[in-house]
Each structure stands twice: as structure tokens, then as C-alpha cells.
Trainee: 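First the structure, which I've put down as C-alpha cells, then a few questions once you've had a look.
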Amino acid sequence: MTTTVNGEAYVPRDGETVLDLIAARTGRPLGPDGRPLDGDRLGLAVAIDRAVVPRGSWARTLLADGQQIDIVTAVQGG
């Protein structure tokens with residue numbers, strides 16, 4: 001199974017979710033609601049195949065073969 005994360009090939013583990021991916025990429029533990037357990041802001045959005053995945057769905061969204069996953073950092077201002 002191969003997916004693409006921000007344009008790079010990625011092979012997810014069996015049963016890996018968006019929450020698992022984001023926690024691994026940021027190195028921060030996340031709660032089941034996708035919020036960092038340290039209380040700070042995460043400032044990320046995730047899209048799979050160009051559709052935004054709401055943070056509250058990360059824990060139950062499994063990574064699947066062929067998906068294009070984009071992790072975007074939120075930036076303030078115009």
C-alpha cells in the first residue's frame with residue numbers, strides 16, 4: 001500500500017489513521033479529538049484527495065492505498 005504525503009511516497013502501517021500520521025510528523029502526542037495534549041495550537045489542516053478531513057475525524061480516518069494526502073500549515077495574515 002502506498003500513499004502520497006505532501007508529494008512524497010509514503011507506506012502507512014496497517015490500521016494507521018490520519019491522527020497517527022500527524023502525531024508522528026509533528027512529534028507531538030494528540031488527543032482523540034486531534035488537539036495536542038500539551039495544550040498548544042497545532043496549526044495544521046489535512047486534506048485527502050483534495051477534500052479537507054475535519055480534525056474531529058482524524059482518529060477514525062484510515063489511510064488507504066493510492067490516497068493523496070496534503071498536510072498544510074495554517075498561516076495568519078493575507
Side-chain angles (χ1 to χ4, degrees):
M1 176 167 72
T2 301
T3 64
T4 303
V5 178
N6 288 359
E8 297 181 6
Y10 180 74
V11 179
R13 302 177 314 251
D14 286 342
E16 186 172 356
T17 65
V18 170
L19 185 76
D20 298 328
L21 175 66
I22 298 301
R25 291 282 172 130
T26 62
R28 296 170 68 184
L30 304 175
D33 61 355
R35 297 188 189 283
L37 294 178
D38 60 16
D40 286 341
R41 292 179 45 109
L42 189 58
L44 296 177
V46 177
I48 295 179
D49 298 331
R50 299 182 184 244
V52 173
V53 179
R55 184 184 307 253
S57 300
W58 291 0
R60 60 181 181 273
T61 303
L62 293 170
L63 304 185
D65 191 32
Q67 290 176 324
Q68 179 182 336
I69 301 167
D70 294 301
I71 303 169
V72 180
T73 302
V75 177
Q76 290 183 323

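All values reported here derive from a predicted model rather than from experimental measurement.
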Trainee: If you apply the rule side-chain contact (heavy atoms from CB on, under 4.5 Å), what do you find for T17 with L62, and how did you get there?
Mentor: CA-CA 4 Å; T17 65; L62 293 170; 3.8 Å; yes
Trainee: Would you find a donor on one side and an acceptor on the other, under 3.5 Å apart, between the side chain of D65 and the backbone of T2?
Mentor: yes
Trainee: Heavy atoms, side chains only, cut-off 4.5 Å: are I69 and Y10 in contact?
Mentor: no
Trainee: Is there a donor-acceptor pair closer than 3.5 Å between any side-chain N or O of T26 and the backbone N or O of I22?
Mentor: yes
Trainee: Determine whether R25 and V5 make a side-chain contact, defined as any pair of heavy atoms from C-beta on separated by less than 4.5 Å.
Mentor: yes
Trainee: Quick one: pull up CD1 in I48 and CG in L21 and give me the separation to the nearest 0.5 Å.
Mentor: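 Answer rounded to 0.5 Å: 8.5 Å.
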Trainee: What distance separates R13 CZ from L63 CG, expressed to the nearest 0.5 Å?
Mentor: 9.0 Å
Trainee: For residues 35-55, pull every pair meeting side-chain hydrogen bond (donor to acceptor under 3.5 Å, both in side chains), keeping only residues two or more places apart or in separate chains.
Mentor: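 side-chain hydrogen bond (donor to acceptor under 3.5 Å, both in side chains) check on residues 35-55 returns R28-D38.
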Trainee: Using modelled atom types only, decide if a donor and an acceptor are shared between the side chain of T4 and the backbone of G7 within a distance under 3.5 Å.
Mentor: no
Trainee: Can you tell me how far CD of Q67 sits from OG1 of T61, rounded to the nearest 0.5 angstrom?
Mentor: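 Rounded to the nearest 0.5 Å, the OG1-CD separation comes out at 9.0 Å.
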Trainee: Work out which heavy atom in G15 is nearest to a heavy atom in D20; give both atom names and the distance.
Mentor: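 Closest pair (atom of G15, atom of D20, distance): O-OD2, 3.9 Å.
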Trainee: Between A59 and P32, what is the shortest heavy-atom contact and its length?
Mentor: CB-O, 3.6 Å
Trainee: Please give me the minimum heavy-atom distance between G31 and L19, naming the atom from each residue.
Mentor: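 Reported closest heavy-atom pair: O-CD1, 3.5 Å.
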Trainee: Step by step, would you call N6 with D70 a side-chain contact (heavy atoms from CB on, under 4.5 Å)?
Mentor: CA-CA 5 Å; N6 288 359; D70 294 301; 4.0 Å; yes
Trainee: Quick check: closest heavy atoms across V46 and W58, and the distance to 0.1 Å?
Mentor: CG2-CZ2, 3.6 Å
